[in-house]
Amino acid sequence: MFVTYAVRLALVVLAAVPAAALAQSEPCARPTSVQASLGISQNDRADAAINNTQYQGRGPQLSLGASANVRGLCLEAFATGGAHYLRPLGGGFGSERVLDGRADLYLLKPVASSADNRATFAVGLAAQANLAGTTHSFADGLSSTSRYRFNVGSIGPAFDASYRMLGGRVFAVATVPMVSVVDHPYVAASSLDPMPGLRVATWSSLRGGSGQVGYERALSRYLTGTLAYQASGLRYDDARPARVLSQMLTFGFRLTRPTEHR
Amino acid sequence: MMRRRFLLGAAALLATACADPTLVAPADRSYAAMFDQLWHETDLTYSMFAVKHVNWDSVGAVFRPRAVAAQSDFAFARVLSDMLSTLHDRHVTLTPGHGAMPMTTYSAASDLQPLDFDSTLVERTYLTRRLSAAVTPHLDVGWLSPSVGYIRIPNFVGGGWDGEMDAALDSLQSASQLVLDLRCNPGGNYELALDVAGRFTEQSRDFGSVRIRNGPKHDDFTDPITETLRPTGRRKFTGTVYLLTNRRVFSSAENVALALRQLPNVIAVGDTTGGASGRPVTRELANGWTYELSTWIEYTIDHKVVEDAGIAPNVVVPRSGNAGVGKRDAVLDRVLQLTSGG
């Protein structure tokens, strides 16, 4: 019911955008393109299903993305993943190996732009999937390990702004999960119980958001270089609360379709 | 001006990225806080309060003052261990520090009796030929007679060595009957144990079920999840198997007994298994001590709780009093009678 309500609300917002604003705005801040980025990410996690300690680690991160203009709407897809070796903060014990991945799908509609098209602003809907598998190594003499999962799928509003400056474009994207589906096993994952135990979470039990700011500049007619910083946080409250904060700094390239290059 | 703002913004982002955000409050390592942590986590995690008929609130009320008043880490560990021992669960242990031995919190009366099994007696007196330990380092393999093979599995610790069972069965391929000796096997890796057991079936068979604790209330459990024995490995043995068990067969070894008992070609001989079935998970206290708690309840195929009851054999060979091991292995003697049609 919540999902249906959120989707309807978003569609109403999109339909209500003033035509005058649309007439002045660019179709999309990003042209039809594909992009690949490589960078480093920092992962902070505290999952009470494992213990009450915060673990932190950095690792390489690979991101892939694509953008397209579809009938005046901007469709953007983004996927990233990485492996992290996490150590405890604050004198905790044990260590963790985390494999995580994230996929985002944005459907944005331009709603405003400056007269010279230097600044643009779009709103829309975002669907996100965050998947994380953790292998926790305990600090006991047996070096025993347990496996845990924390997977979240969310939808919520998305915002996209860009501003042309310094010979390129500064951009910012933000989204907030309003309704989520969570797979967070109560105890360590078991081979007998491999299927997700999904629970619906609303803003009262799952709060978070993600944002990205970056700068991109054309390197040639079809190639654009991008530098971006992305941060996302989740706070999930149930009998086993979990906190996750991911930060990522990436550098990459975007290949633009010739006919739509601007 | 614009360039300066941009650079300031970039610097702020980098500073944010390099910071150590705080997601949880620092751990309190007082005895009171750690006692509360252990009690609370056990309350949230342990699966068998109802099976063991334990009132955990009362247990906490009794032991908390003793824990708070402890004068040393050793005394504190003793109190925690005593509290956990009220659960009467062999899978519940406390390891007070890296490198320390786990403190066994519970021993049943049968655990205190002298051992009724001696693997060296079998090797000295019964085995006519043995396979080199270099081929199957996790198994003892040999012949009891020209047609009866023997495989002993001391434990299911570790993983990835189930292929040794193929090598063992290769060497025993002319055997028409097989003795699979699980006596005194304390268990280990659940998946490994079932991979080993899968060498004795050519079709999948359900053999039990588990319900996993999945919520804060003591009766929060998943629906029953069926346990299935699936064929594994390149070598199968489908002749008559005599499965030897005793009171010191625990945990994953009991899963093997439970699974193999569903097979028509398997006859269990000896004594009932120990009845420790909870699948433990490890948890940590704020000072790095670890403890283990059972997280599921296991049931036989006819819905009886395995914990404490164990798996009964088809052919019971009673212990010879409290004398421990004699010059003969009574269970193996009975099996040899059975193999010769007795």
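Below, all heavy atoms of this structure are taken into account, side chains as well, without hydrogens, waters or symmetry copies.
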Check: B:Q37 and A:N51 side chains under 4.5 Å, non-hydrogen atoms: no
Spatial distance of atom OG1 (B:T282) from atom CZ (A:F138) [nearest 0.5 Å]: 5.0 Å
Residue part contacting chain B, namely of A:A242, when any heavy atom lies under 4.5 Å: neither
Any side-chain heavy-atom pair of A:Y186 and B:L44 under 4.5 Å: yes
Flag if over 12 foreign heavy atoms under 6.0 Å of CZ, A:R199: no
Rounded distance [0.5 Å steps], OG1 in B:T22 versus CG in A:L89: 8.0 Å
Top contributor to chain B interface from A:A48, A:G94, A:A139 [non-hydrogen pairs under 4.5 Å]: A:A139
Rounded distance (nearest 0.5 Å) linking atom CD of A:Q56 with atom CG of B:L23: 9.0 Å
Part of B:P216 lying under 4.5 Å from any heavy atom of chain A: both
Nearest heavy atoms of A:Q42 and B:P21, plus distance in Å: NE2-CD, 3.9 Å
Contacting region of A:I50 [heavy-atom separation from chain B under 4.5 Å]: backbone
Over 12 foreign heavy atoms within 6.0 Å of CZ, A:R147: no
Option that, when pairs with chain A are counted at under 4.5 Å, heavy atom only, ranks first among B:N214, B:T45, B:V281, B:T290: B:N214
Structural part of A:S41 lying under 4.5 Å from a heavy atom of chain B: neither
Note, B:V24 side chain near A:N52 side chain (heavy atom, < 4.5 Å): no
Heavy-atom proximity to chain A below 4.5 Å, by part of B:W296: side chain
Proximity breakdown for B:A100 and chain A, heavy-atom pairs closer than 4.5 Å: neither
Which of A:R240, A:H136, A:R235, A:R45 touches chain B most, by non-hydrogen pairs under 4.5 Å: A:R240
Pairs of heavy atoms under 4.5 Å with chain A: top-ranked of B:D220, B:L285, B:N287, B:T228: B:N287
